Amino acid sequence: MNGRTIIRAFIIPPQQQHYCRRLLCFSTSPSYNVQTCIATLQSCAHNANLSKGKELHTHLLKNAFFGSPLAITSLINMYSKCTLIDHSLRVFNYPTHLDKNVFAYNALIAGFVANALPQRGFALYKQMRHLGIVPDKFSFPCVIRACGDIMEDLEVRKIHGLLFKFGLELDVFVGSALVITYLKFGLVEDAHEVFEALPVRDIVLWNAMVNGYAHIGRFEEALVVFRRMEREGVIPCRYTVTGVLSIFSVTGDFDSGRAVHGFVTKRGYESSVVVSNALIDMYGKCKCVGDALSVFEVMVERDIFSWNSIISVHEHCGDHYGTLRLFDRMQVKGVQPDLVTITTVLPACTHLAALRHGREIHRYMVVNGLGKEESHNDFDYVLLNNALMDMYAKCGNVRDACTVFDNMREKDVASWNIMITGYAMHGYGDEALDIFCRMCEAEMVPNEISFVGLLSACSHAGMVKEGLGFLSEMESKYGVSPSIEHYTCVIDMLCRAGRLMEAYDLVVRMPFKADPVGWRSLLAACRVHKEKDLAEIAGSKVIELEPGHCGNYVLMSNVYGVVGRYEEVSEVRHTMKQQNVKKIPGCSWIELVNGVHVFITGDRTHPHTDSIYAGLNSLTVVLQEHGYAPFV
């Protein structure tokens, strides 16, 4: 059987035979002996250079170099590092090869584990043991990791016992794997016992302890090990630092995180992208956006995780405008957003009603295939589509939200709730009720949020009878106990319908102490319907509950103003001054081609302030000519 026939039968399917012939015609340098091929294959594995690796595979076949076990092992490793684990398996199983040795088994087991196939890796280990092939110190770390991934704690204990038989119980690499896996199972005492028994402890082992404790939430134990490192003169490396910083991210320990930052600077670890990313995350979780941004800005090299981290920090801290600004910078720098970026930025578009940005993101998803559920099996596409739907609905584009909803293969309760709430906030009561009926027909159980959206829809659409019906049936028919939010929605519904006394009766007799929102709804309705006496009751209650909320005083002042009692208007304003209650400046924004522009009342910070105010003054003149008189 010649080399050409071997390749066709071995890994190249019929549809790729043209490529096979092209490779066979490839003239590899005559100096490529077995040793050179092996060294180059290792380089291909390290750099995931598949095309060069395939060329070397062809060269090995043509020159009958497959008698070298190390060549076979290198090929298996190269294909697995290029995520072609099935090709690795074909190399391993090729019938003309010599008897498989422990190195070939190790390479394939490592490949299975690295490609998220721990079950197959463990099965191969069992086959290896059945055939009488003795595992070595390179076999066990991967097998132990496979057991950790498939949660086989009993098998780990068996392997631990086997180590004594082979004299590997004190090997530091095997010990590190045991420590990590025992901690993953929460077997702290076993991990500690392995750690203490090892006579030599390298930085990898220390990291296994620190990061292992951190991953299972045993933060204090992790920090104890970290301090012990320092006492024993072991210098923490970059991976130690990232593990410790992850602890301070969760605990929000800014001072300790700042101290580690000082250590990072002293050791020169700031040049590490991974360390800088961990610092950004830590500062962000501590709500220190400025510090996180400072770390980001001085980074010489940034990866997708750097951008995602700093964008996420701004979004989680409520700086939606800053989120979009950084997202725009990311694209200008030529960094391609991934699914994590998109799920972080979409909520910013939602909060700012930045429909143009949201549509651009959706278009990017479609063009790059990021919306296809089969492209990333481990990604939560329901979450992504929910974020997209929510953005469209809250930006006023319910039609596109409905299109996303209808195209979803899978929907959770949140998906249905988003559509109900989207229709509700725009006054589409019938459509909201229709979605609710479809939700029940799909045997999806509604929750508290479903009824908040449903009752809100009834409120905005004036469907009082339906709303009262839903409130009475919530618990008996759907098993959802009404909460203060549900009662508040019904109070608002009655107020909008002008049924103020019914709303007041519901506030008084409901099984909860009314919150300021309910009283404020009643107070606002009193202004519209000029109910001064009821307004004074509602006003006193809401000011009692929230004495520092400026909106309460403004509403009460407006009620007095509507009925012409201007002395009381002055008294309310005087009370505001005495209580040091200040009206919060209004904020607005507009989305243009070049981004989102944010303004507050009296804002003069915009670079085009003069032009903006000139335009506003012109509009005011035109409005006044048509009889508009501003309310002061």
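Quick caveat: nothing in here was measured; it's all calculated off a predicted structure.
Using a 4.5 Å heavy-atom threshold, the side chains of Ile449 and Glu485 count as separate. When side chains are defined from C-beta on, Asp430 counts as touching Met463, because their heavy atoms get closer than 4.5 Å. Inter-residue side-chain proximity for Val621 and Ser618 is flagged as unmet; no heavy-atom pair is nearer than 4.5 Å. Side-chain contact check for Glu270 versus Val275: every heavy-atom pair is 4.5 Å or farther apart. Proximity of Leu384 to Leu339: side-chain heavy atoms (C-beta onward) are separated by under 4.5 Å at one or more points. A 4.5 Å side-chain heavy-atom check between Tyr504 and Ile537 finds at least one atom pair inside the cut-off. Between Arg363 and Val366, the closest side-chain pair of non-hydrogen atoms is not below 4.5 Å. You'll find the side chain of Val345 stays beyond 4.5 Å of the side chain of Pro337, heavy atoms only.
Between the side chain of Thr421 and the backbone N or O of Ile418 there is no donor-acceptor pair closer than 3.5 Å. Checking side-chain atoms of Ser256 against main-chain N and O of Asp253 turns up no donor-acceptor pair under 3.5 Å. Looking only at distances, a side-chain donor or acceptor of Ser294 sits under 3.5 Å from a matching main-chain atom of Gly290. Side chain of Asp319 to backbone of Glu315: no donor-acceptor contact under 3.5 angstrom is found. Although no hydrogens or angles enter the test, the distance criterion places a donor-acceptor pair under 3.5 Å between the side chain of His486 and the main chain of Ser483. Ser309 places no side-chain N or O within 3.5 Å of a backbone atom of Ile280 that could act as its donor or acceptor partner.
With sequence neighbours excluded, the residues forming a salt bridge (Lys or Arg N to Asp or Glu O under 4.0 Å) with Glu297 are Arg302, Arg329, listed by chain and number. Not counting sequence neighbours, His460 has no partner by the ring-ring contact (aromatic ring centres under 6.0 Å, His included) test. The side-chain hydrogen bond (donor to acceptor under 3.5 Å, both in side chains) check on Thr240 picks up Asn207, with sequence neighbours excluded. With sequence neighbours excluded, no residue forms a side-chain hydrogen bond (donor to acceptor under 3.5 Å, both in side chains) with Tyr423. Taking the ring-ring contact (aromatic ring centres under 6.0 Å, His included) definition, one finds that Trp307 meets it with Phe296, sequence neighbours left out. With sequence neighbours excluded, the residues forming a side chain to side chain contact (heavy atoms under 4.5 Å, CB included) with Ser312 are His316, Thr344, listed by chain and number. Glu466 pairs by the side-chain hydrogen bond (donor to acceptor under 3.5 Å, both in side chains) definition with nothing, not counting sequence neighbours. Annotation: side-chain hydrogen bond (donor to acceptor under 3.5 Å, both in side chains) contacts of Glu475 (sequence neighbours excluded): Ser481. Residues satisfying the ring-ring contact (aromatic ring centres under 6.0 Å, His included) test with Phe327, not counting sequence neighbours, are none. Arg238 pairs by the salt bridge (Lys or Arg N to Asp or Glu O under 4.0 Å) definition with nothing, not counting sequence neighbours.
By the 6.0 Å contact criterion, CG on Leu534 is enclosed, its count of non-hydrogen atoms from other residues, nucleotides or ligands being greater than 12. Enclosure of atom OH in Tyr428 is not indicated, since only 12 or fewer non-hydrogen atoms of other residues, nucleotides or ligands lie within 6.0 angstrom. Remark: Tyr239 OH is loosely packed, at most 12 non-hydrogen atoms of other residues, nucleotides or ligands lying under 6.0 Å away. The 12-atom threshold is exceeded at CD of Glu625, counting heavy atoms of other residues, nucleotides or ligands nearer than 6.0 Å.
Side-chain contact annotation: Thr323 with His320, donor-acceptor N/O pair under 3.5 Å absent. Side-chain atoms of Tyr364 and Gln336 form a donor-acceptor pair, as typed in the model, at a separation below 3.5 Å. Side-chain atoms of Asn386 and Asp412 include a donor-acceptor pair closer than 3.5 Å. Checked by atom type, the side-chain pair Thr403/Asp400 shows no donor-acceptor distance below 3.5 Å.
Using a 4.0 Å cut-off between a side-chain N of Lys or Arg and a carboxylate O of Asp or Glu, Asp492 and Arg496 qualify as a salt bridge.
Checked against the 6.0 Å centroid criterion, the rings of His314 and Tyr321 do not qualify as a close aromatic pair.
For residues 277-292, every residue pair satisfying the side chain to side chain donor-acceptor pair (under 3.5 Å) rule, not counting sequence neighbours, is listed here: Ser249-Asp281, Arg258-Asp291, His261-Tyr283, Asn277-Asp303, Asn277-Ser306, Asp281-Lys285.
Considering CD of Glu448 and CG of Asn417, their distance stands at 9.5 Å, rounded to 0.5 Å. Rounding to the nearest 0.5 angstrom, the gap separating the CE atom in Met389 from the CE atom in Met419 is 7.0 Å. Atom CE of residue Met493 and atom CG of residue Leu506 lie 8.5 Å apart, to the nearest 0.5 angstrom. Rounding to the nearest 0.5 Å places CZ of Phe405 at 11.0 Å from CG of Asn385. In this structure, NZ on Lys394 lies 6.5 Å from OG1 on Thr350, to the nearest 0.5 angstrom. Once rounded to the nearest 0.5 Å, the distance linking SG of Cys349 with CD1 of Ile342 reads 10.5 Å.
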Listing, residues 431-438 side-chain donor-acceptor contacts under 3.5 Å, not counting sequence neighbours, or none:
none

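Summarising the geometry of Gly427 relative to Ala461, their closest heavy-atom pair is O-CB, 4.0 Å, with the distance given to 0.1 Å. In this structure, Cys286 and Phe248 approach most closely via the heavy-atom pair SG-O, 4.1 Å. Closest non-hydrogen pair, Ala354 versus Cys395, comes out as N-SG, 3.9 Å.
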| task | Could you please spell out the steps behind the side-chain hydrogen bond (donor to acceptor under 3.5 Å, both in side chains) verdict for Asp338 and Thr341? | result | CA-CA 5 Å; Asp338 63 6; Thr341 322; 2.7 Å; yes
| query | Leu355 and Arg359: side chain to side chain contact (heavy atoms under 4.5 Å, CB included), yes or no, with the steps? | reply | CA-CA 6 Å; Leu355 182 59; Arg359 277 184 170 150; 3.8 Å; yes
| request: Just do the ring-ring contact (aromatic ring centres under 6.0 Å, His included) check on Tyr478 and Phe451 with the steps written out, would you? | output: CA-CA 10 Å; Tyr478 300 99; Phe451 283 99; 5.2 Å; yes
